[in-house]
Structures are given as C-alpha cells and as structure tokens.
Amino acid sequence: MSHVLTLNAGSSSLKFGLFATTETDPNEMCAGLVDRIGSDDGTIKLKDAEGAVLAQTGPQPIANHAEAVQSALTMIEASVPGAKVTAVGHRVVHGGVDFDAPMVVDDAVLAKLDRLSPFAPLHQPHNLAGIRAAQAAFVDAVQIACFDTAFHRNHPFVNDTFALPMRYYEKGVRRYGFHGLSYDYIAGHMADAFPDLHDGRVVVAHLGNGASMCGMRAGQSVCSTMGFSALDGLPMGTRSGQLDPGVLLYLMEQEQMSASEISDLLYKQSGLLGLSGLSNDMRRLEASGTDAAERAIAYFTFRIRHELGALAAVLGGLDAVVFTGGIGENSRRVRAEVCNGFGWMGLTFDDAANAEDATEISTAGSVVKALVIPTNEELVIARAAAAAAAA
Ligand code: ADP
C-alpha cells in the first residue's frame, strides 16, 4: 500500500496528514500540527483518524519549515512504521490567473508560484517553503500544489474585476476568491448526497477563523465574497472583511500608518477581535454575553445575511444555503440568526433540527433548503495527490 502526505504550511505552523491510498477515496490514517515554527518553544502533535493522540513532543526549537517537515516526518515514521509516501499534496493559497486545477510542481511551476508571492505575501512564501522542504525530504515523491483560488477561476468578468484602469487588471489586480478547496469538497459532496440541489443555485458559507461565501451554479463557482486578497467580504476572527478604500487613505494620510502597520491592523487586530475587544473565537464570544461580544456577533451575522442576499441576486435566486467551517458546522446561534432573516425568500428554518445539529436545518416544505455539511479540505488535497501518484 502507498501513502500520500498533505501539507498546509502557514506562517508559523504546519498542518499535515497521512492518507492510505485505496481504490476509492484516500483514507486518513493520522493528522498532525507543528506549531510555533521559528521559535524556541515549538510543539508537534500527531493524532489518529479518531482524534486520539498518537505522539507529541516539545516545547523545542523548530527553526524553519524544513525542520518542521523533518520533525513531522520523524513522528509519522515512529507512529506509522513503513509508510511509503509516493505523493505530497500542498495547500497553496494563490494560483494566480493561470492555475485552475491542481498542478504537479516542477521548477517552472515553482518559479511561477514564486512570482505570485506579492499577491499573498503573508501566505504564499510559507506555502512554497513547505513545498521546498518536502522536495528535499521526499526526493522520489510527486509534489502537487492545490490552490485556494483555482475553484473560482471561471468567474465572469464582472465578478473578476474592480473598476480600476484596465492596466491593473492586466497586472493581476483581480478578484480571485479563496477557500476553493473547501468549496470544491462541498460541491463534490452535494453532487453525491443532494444531486438536485447541486445542479441548482447554492450559496456556501465557509465560516471559520477565515470566512467567505461562494455562489455556485451547478457546482461551479460564480461569485465569491473574497476578492484580491483574503481580507475582503465577511469579517473574520481577526480580519476586517469588506472596507471602504477611503478608510485606508484616512489611515495613511491622517494617522500616518505605514503599509505594514495597516496590514497588521487589517489581518490581525480587526474582525471579531477588533469589534469585541475580547476574542477572535466565536465560542468565547457566544459564552461572554457582554455588549462588546454581542455587537461583534451581530455585525458578523448581519454581513452574512447581506452577502447571502447579494449572492442570491447574482445567482438569480437560491435553492440552498450550506454552512461549513468551525462556526458554520457548530454555531447553532449563527445559523439561526442568518436563516431567520430569509423567510421572505422562502427559507423556513427548522429550530428543532438546528438544535440537534441535523444536516438539513430547514423544514421539509421549505422552498430554499439550509444544510450543514462539514468540510474536508485535506481530503481534496489527498485526492489530487493520490491521482497524481497513480498517473
Ligand atoms: P480555521 O479557519 O482556522 O480552520 P475553524 O474552521 O476551525 O478555523 O473555525 C474556528 C472557529 O469556529 C472559531 O471561531 C471557533 O470558536 C468556532 N467554533 C468551533 N466550535 C464552535 C461551537 N461549538 N460554537 C461556536 N463556534 C465554534
């Protein structure tokens, strides 16, 4: 039996998963996290598919992504002896204009991906460091890049552009959309489990620490709330979401903030954390009950309803809304506050089903269906890696 490894390299963390490749879907054997890369108190943890801890080490120094990949590998080898990795699948945030499907990474592809780093400076260099580390650690394995942008590459021009002079569009200043691996998984799952809805007009709300929504027709992305960067659209744990560009001018001209200060403000200090002053974590906000927490939740659900209405208009109506991501899969309150605002569109919410965390949280007679579907981005990467290994 051979195996595929999935890697999701962030700025200071590396998520990894080992899958056995079978004739059907890759089968997850274990998954882990290397945390606090670049510090003296890094940690590594590996769990089996049921979530039981198989091994953990640290705090210990983990200098860089190459060391992180090596540490992950050492832990996998100790816990799953004899694993034979034939392909490594990587989550890569940006595939630019050209990449609309997973790509086998060779030197030319890597050079193209390097050139996209200015479009996602906080993520792309770390993703590519993960690829380079895996190339060194698995010299015989195929490396596959799976892009967060790829699922959205066939948007019509009006959903792909800003109203700037066209030279910026030509340079790549476009609305790319992100979270594509999650949307790809949901579209595939719906084709199997809800084929009629899949063929219709669906809005998927991926609500986690990062959050976005995607309007799909027949399983294809038509519109995303995220744009040029992963900052646009919904407010997130610490990211602002949609902002009037005049605010940026104010921050630069009146508050004399530098680009890096603004970046820190928009990516790390805003969203649920900024509004509440308490936490970026929805569980903590829901438990808090303070006015500050309530206003953050109210803005979050307001923006989701706002975008749901807009996406439904783009799609020419709505057959289903799907909730996924940590908040979408778990927050009964957020789901209720969003869906209860859509009775006018034909969505009749089923409180009892929502309280039981059922898959279908609209009533049997509801014209617009509301569903909860847990996402699985790692499986999408593992499938691409398994397919490349078999090719
Ligand atoms: P990431 O984007 O980092 O993958 P997740 O998809 O894991 O994030 O989502 C994390 C978010 O999900 C956090 O805000 C967390 O509080 C929220 N969450 C997880 N479980 C619950 C729950 N039971 N109720 C409300 N929110 C939850």
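First listed ligand is number 1; within each ligand, the first listed atom is number 1.
- Among protein heavy atoms, the minimum distance from atom 27 (C) of ligand 1 is reached at Arg283 CG, 3.6 Å.
- Using cut-offs of 30° and 60° on the angle between ring planes, the pair His179 and His206 is parallel.
- In this structure, Phe157 and Tyr169 have perpendicular ring planes: the angle between them is above 60°, well past the 30° mark.
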- Message: Go through it in stages, so that I can follow the logic: the residues are Tyr183 and His152, the test is ring-ring contact (aromatic ring centres under 6.0 Å, His included), and I'd like the CA-CA distance, side-chain angles, deciding distance and then a yes or no.
- Response: CA-CA 9 Å; Tyr183 296 128; His152 304 291; 5.7 Å; yes
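- Compare Asn330, Thr324, Val334 by their heavy atoms: the one nearest to atom 20 (N) of ligand 1 is in Asn330.
- Between Phe162 and Tyr168, the gap from one ring centroid to the other reaches at least 6.0 Å.
- Between Leu207 and ligand 1, no N or O atom pair is found at a separation short of 3.5 Å.
- With atom 13 (C) of ligand 1 as the reference point, the heavy atom nearest to it among Met282, His206, Arg332 is part of Met282.
- One distance of note links CD of Glu261 with CD of Gln269; it measures 9.5 Å at 0.5 Å rounding.
- Residue contact check: Gly210 has heavy atoms under 4.0 Å from atoms 2 (O) of ligand 1.
- Among the atoms of Gly325, none of the N or O lies under 3.5 angstrom from an N or O of ligand 1.
- Where the criterion is an N or O separation shorter than 3.5 Å, residue side chain and backbone included, Asn209 meets it with respect to ligand 1.
- At under 3.5 Å, not a single nitrogen or oxygen of Gly208, backbone or side chain, sits near a nitrogen or oxygen of ligand 1.
- Below 30°, between 30° and 60°, or above 60°: for His94 and Phe178 the angle between ring planes is above 60°, a perpendicular geometry.
- Not a single N or O atom of Lys15, backbone or side chain, sits closer than 3.5 Å to an N or O atom of ligand 1.
- More than 12 heavy atoms of other residues, nucleotides or ligands sit less than 6.0 Å from atom CG of Asp106.
- The nearest non-hydrogen atom to atom 19 (C) of ligand 1, considering only Ser182, Ala211, Gly326, comes from Gly326.
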